[in-house]
A.B. asks: 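The structure's right below; bear with me while I get my questions together.
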Amino acid sequence: MNNRHIYVLSAVLALIGLSLFAYKSRVLGFPLQPQEETHVWTVEAAVRFDPGPAAVKATLRIPNLTPGFSILDENFISRGFGHATRSAPAGRESQWTLRQAMGPQTLYYRAQVYRDASRMAEDTTPPFPEQPTLDEPSRIAMEGLIAEVRRQSADVASFTTELLRHINHAERDPYVSLFISRGRARADAAELATIFLAGAQIPARIAHGIQLRAVTGPVQSQQLLEVHDGVQWLYFDPKTLEQGLPPDFLIWWRGDEPIASLEGGGRLDVTLAVQQNLLDSLVVAERRAELSGSHAMDFSLFALPIATQAVYAVLMMIPIGALVIMLLRNFIGVKTFGTFMPVLVALAFRETRLLWGIVLFAIIVSLGLLIRFYLEKLRLLLVPRLTTVLTVVVLLMAGISVLSEKLELQPGLSIALFPMVILSMTIERMSIVWEERGASEALQEGIGSLVVAAVAYVVMGIAWLEHLIFVFPELLLLVIAMSLLAGRYTGYRLLELRRFKALAPSGSSP
């Protein structure tokens, strides 16, 4: 099989792994850091009123198109009322109904929202607005103002800014003052702007929202002017003329209507409040996946029982340890006993800790090696010899545990977590190397095994990496891709450069 096939297969695996990783992290918001938390705001609307003798129908405008934010969850709290939600020109509406109510009533709407940079105004491009119906003097004043503002602007954004400036200085602007004098009362800047923008054939609407803040308590709604430039909605503060959506501003409803209306009652009052909380980012991602209809959470390791998750939290790091061994053996040239023995020893180090693990490993292997040399003189067959060595290793481990208990050395008790079969095979392999290639080679491989196990333990113990692999197991496809590529490497190992230094041409570096 040629190298091109390996390269293509590795690229495909890497692409699949990275694509799944990007989807889960960027779209669903799976956390990249352990214990990562997301700012979540609880917003509440309390609707209070006194019912009349007739049937009651209370309507509350609730968030729908919220640029920069997504709704995590929402609740409608009432007692005895019928409830329904529906779409409306202003966004969404929550409607409570009751045939007969007694005494003051309070209805609640609560929602949890969080920042979502991908969330934009998702409604379609609006049509050109109809020309406002005005009397002749008002129409002439509007046309004169539009003509003057158009001369002073270059696009929709600058047109809107100049228009708001004229409206805010109405007492000094003849067109605006004439327009206002024709009405019964002075309208606010945002409402006047929508009328003038309709006359200029520019879609516009009023957005009402609240400022999300860290301080818990009631908040007042604020107005923004939304103007469509043919591509996207632009946001303007009608008072300060600042363009852009203010930071942490949640748009609640749109249109000229108030936030709530009531039929069959009186003394309607709506109070808005906000509270900031911190929520586990994984909970937010799970809810986002549920709302989007994604099954990423259903087929993740989080769908397993908690006890099983704890097991896989360890098992998922074994390929990372194997990757460390591959790099140290194939590219550095560190010699070890066996291929994956250091990984299993590194797993045992997770309980014994590194220093005590090395000490206990050295004691077991040294004592076991002495017993193995003695068994060699008995000229036993392979299987009986390995059985004897395994039994001796178990007895040594038990003896060290008992001695540690008497000496009150707690780490010595965790020696039972060492893989006894691997230790037995290590002792057998080390004795054979000792006899065939000498004590120096055996000690090199023994020390190399400990070094590799220590490095694998350090890498496998990185909390961020353990979190990343557990939450995004598809990243192990990158390990497979790297292993396939490394499988074709036939160059020098780093530790072999000194060994072959004499073969290098004179005057060149090794």
Side-chain angles (χ1 to χ4, degrees), residues 40-114 185 187-191 194 205-226 235 237-239 245-246 248-277:
V40 176
W41 287 270
T42 300
V43 295
E44 177 186 272
V47 182
R48 299 179 177 87
F49 60 90
D50 292 333
V56 175
K57 182 186 294 184
T59 303
L60 175 71
R61 279 83 196 177
I62 57 178
N64 184 24
L65 301 175
T66 54
F69 290 91
S70 288
I71 298 176
L72 181 65
D73 195 11
E74 59 184 4
N75 303 101
F76 304 88
I77 305 172
S78 60
R79 184 174 59 183
F81 281 78
H83 175 261
T85 59
R86 62 183 183 182
S87 298
R92 285 194 307 152
E93 293 180 349
S94 173
Q95 190 173 85
W96 289 273
T97 55
L98 188 64
R99 180 71 62 180
Q100 186 175 9
M102 300 295 293
Q105 301 292 323
T106 303
L107 310 173
Y108 292 97
Y109 166 77
R110 289 177 186 158
Q112 287 184 318
V113 298
Y114 62 94
D188 57 45
E191 183 179 349
T194 57
R205 61 191 181 189
I206 300 175
H208 307 262
I210 60 175
Q211 191 71 42
L212 300 178
R213 57 187 187 182
V215 180
T216 302
V219 292
Q220 295 294 327
S221 64
Q222 304 174 29
Q223 285 187 350
L224 287 181
L225 179 64
E226 288 185 314
Y235 304 91
D237 188 320
K239 296 180 179 179
L245 195 63
D248 294 339
F249 186 86
L250 175 69
I251 294 179
W252 194 290
W253 84 100
R254 293 175 172 86
D256 301 330
E257 299 178 350
I259 187 174
S261 59
L262 177 66
E263 297 179 18
R267 299 181 60 186
L268 176 65
D269 177 67
V270 180
T271 302
L272 302 178
V274 63
Q275 179 183 29
Q276 186 185 58
N277 302 292

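Computed from a predicted structure; not experimentally measured.
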A.B. asks: Please give me the minimum heavy-atom distance between V274 and Q211, naming the atom from each residue.
C.D. replies: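 Looking at all heavy atoms of both residues, the closest pair is CG1-O, 4.4 Å.
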A.B. asks: Is there a side-chain contact between F69 and P63, using heavy atoms and a 4.5 Å cut-off?
C.D. replies: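 A side-chain contact under 4.5 Å is absent here.
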A.B. asks: Less than 4.5 Å apart, any side-chain heavy atom of I206 and any of E191?
C.D. replies: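 Of all side-chain heavy-atom pairs linking E191 with I206, at least one is under 4.5 Å.
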A.B. asks: Using the test ring-ring contact (aromatic ring centres under 6.0 Å, His included), find all partners of F249 that sit at least two apart in sequence or belong to another chain.
C.D. replies: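 Counting only residues at least two positions away or on another chain, F249 forms no ring-ring contact (aromatic ring centres under 6.0 Å, His included).
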A.B. asks: Could you measure the distance from the CZ atom of R205 to the CG atom of D256? Nearest 0.5 Å is fine.
C.D. replies: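 Reported to 0.5 Å precision, the distance equals 12.5 Å.
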A.B. asks: Taking C-beta and beyond as the side chain, do I251 and L65 meet within less than 4.5 Å on heavy atoms?
C.D. replies: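 A side-chain contact under 4.5 Å is absent here.
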A.B. asks: Looking only at side chains, do E44 and Y108 share a donor and an acceptor under 3.5 Å apart?
C.D. replies: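 No.
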A.B. asks: So does T216 get a backbone contact from the side chain of Q276, meaning a donor-acceptor N/O pair under 3.5 Å?
C.D. replies: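 No, Q276 side chain to T216 backbone: no donor-acceptor pair under 3.5 Å.
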A.B. asks: Is there side-chain contact between I210 and V43, with heavy atoms separated by less than 4.5 Å?
C.D. replies: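 Yes, their side chains come closer than 4.5 Å.
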A.B. asks: Quick one: do L212 and V113 satisfy side chain to side chain contact (heavy atoms under 4.5 Å, CB included)? Show the steps, please.
C.D. replies: CA-CA 10 Å; L212 300 178; V113 298; 4.0 Å; yes
A.B. asks: Between W252 and H208, does the ring centre distance come in under 6.0 Å?
C.D. replies: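 Aromatic pair excluded; centres sit 6.0 Å or further apart.
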A.B. asks: Okay, side chain of Q100, backbone of L98: is any donor-acceptor separation there less than 3.5 Å?
C.D. replies: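 No, Q100 side chain to L98 backbone: no donor-acceptor pair under 3.5 Å.
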A.B. asks: Would you say that L250 contacts W41 through its side chain, given a criterion of any heavy-atom pair below 4.5 Å between the two side chains?
C.D. replies: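 No, side chains not in contact.
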A.B. asks: Atom CH2 of W96 and atom OH of Y109: how far apart are they, to the nearest 0.5 Å?
C.D. replies: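 With rounding to 0.5 Å, CH2 (W96) is 9.0 Å from OH (Y109).
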A.B. asks: What heavy-atom pair brings D188 and Q223 nearest, and what distance separates the two atoms?
C.D. replies: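 Between these two residues, the closest heavy atoms are OD2-NE2, 3.7 Å.
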A.B. asks: Taking M102's backbone N and O only, do any of them form a donor-acceptor pair with Q105's side chain (distance below 3.5 Å, no angle check)?
C.D. replies: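 Side chain of Q105 to backbone of M102: a pair is present.
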A.B. asks: So, taking the atom named CZ in F49 and the one named CG in D269, what distance separates them when rounded to the nearest 0.5 Å?
C.D. replies: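 Going from the CZ atom of F49 to the CG atom of D269 covers 12.0 Å.
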A.B. asks: Are side-chain heavy atoms of I259 and V47 found at a separation under 4.5 Å?
C.D. replies: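 I259 vs V47: side chains apart.
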A.B. asks: Are more than 12 heavy atoms, taken from residues, nucleotides or ligands other than R99, located less than 6.0 Å from that residue's CZ atom?
C.D. replies: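 Result for CZ/R99: open.
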A.B. asks: Ignoring hydrogens and angles, tell me if any N or O in the side chain of R48 forms a donor-acceptor pair with the backbone of T106 under 3.5 Å.
C.D. replies: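 Checking the backbone N and O of T106 against the side chain of R48, no donor-acceptor pair under 3.5 Å is found.
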A.B. asks: Less than 4.5 Å apart, side chain to side chain, heavy atoms only: is that true for L224 and P246?
C.D. replies: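 Answer yes - side chains close enough.
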A.B. asks: For residues R213 and P218, report the shortest heavy-atom separation together with the two atoms involved.
C.D. replies: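 Smallest heavy-atom distance, with atoms named: NH2-O, 2.7 Å.
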A.B. asks: As an exercise, state the distance from CZ of R110 to CD of Q275, rounded to the nearest 0.5 Å.
C.D. replies: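 The CD atom of Q275 is 9.5 Å from CZ of R110, to the nearest 0.5 Å.
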A.B. asks: Any chance you could measure H83, atom NE2, to L60, atom CG, to the nearest 0.5 Å?
C.D. replies: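 These two atoms lie 8.5 Å from each other.
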A.B. asks: What is the minimum heavy-atom distance between P67 and L245, and which atoms define it?
C.D. replies: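 Smallest interatomic distance, heavy atoms only, reads O-CD2, 3.6 Å.
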A.B. asks: Between atom CG of N64 and atom CD1 of I71, what is the distance when rounded to the nearest 0.5 Å?
C.D. replies: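 So the gap between those two atoms works out to 7.0 Å.
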A.B. asks: Shortest non-hydrogen contact from V56 to G264?
C.D. replies: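 Taking V56 first and G264 second, the nearest heavy atoms are CG2-O, 3.5 Å.
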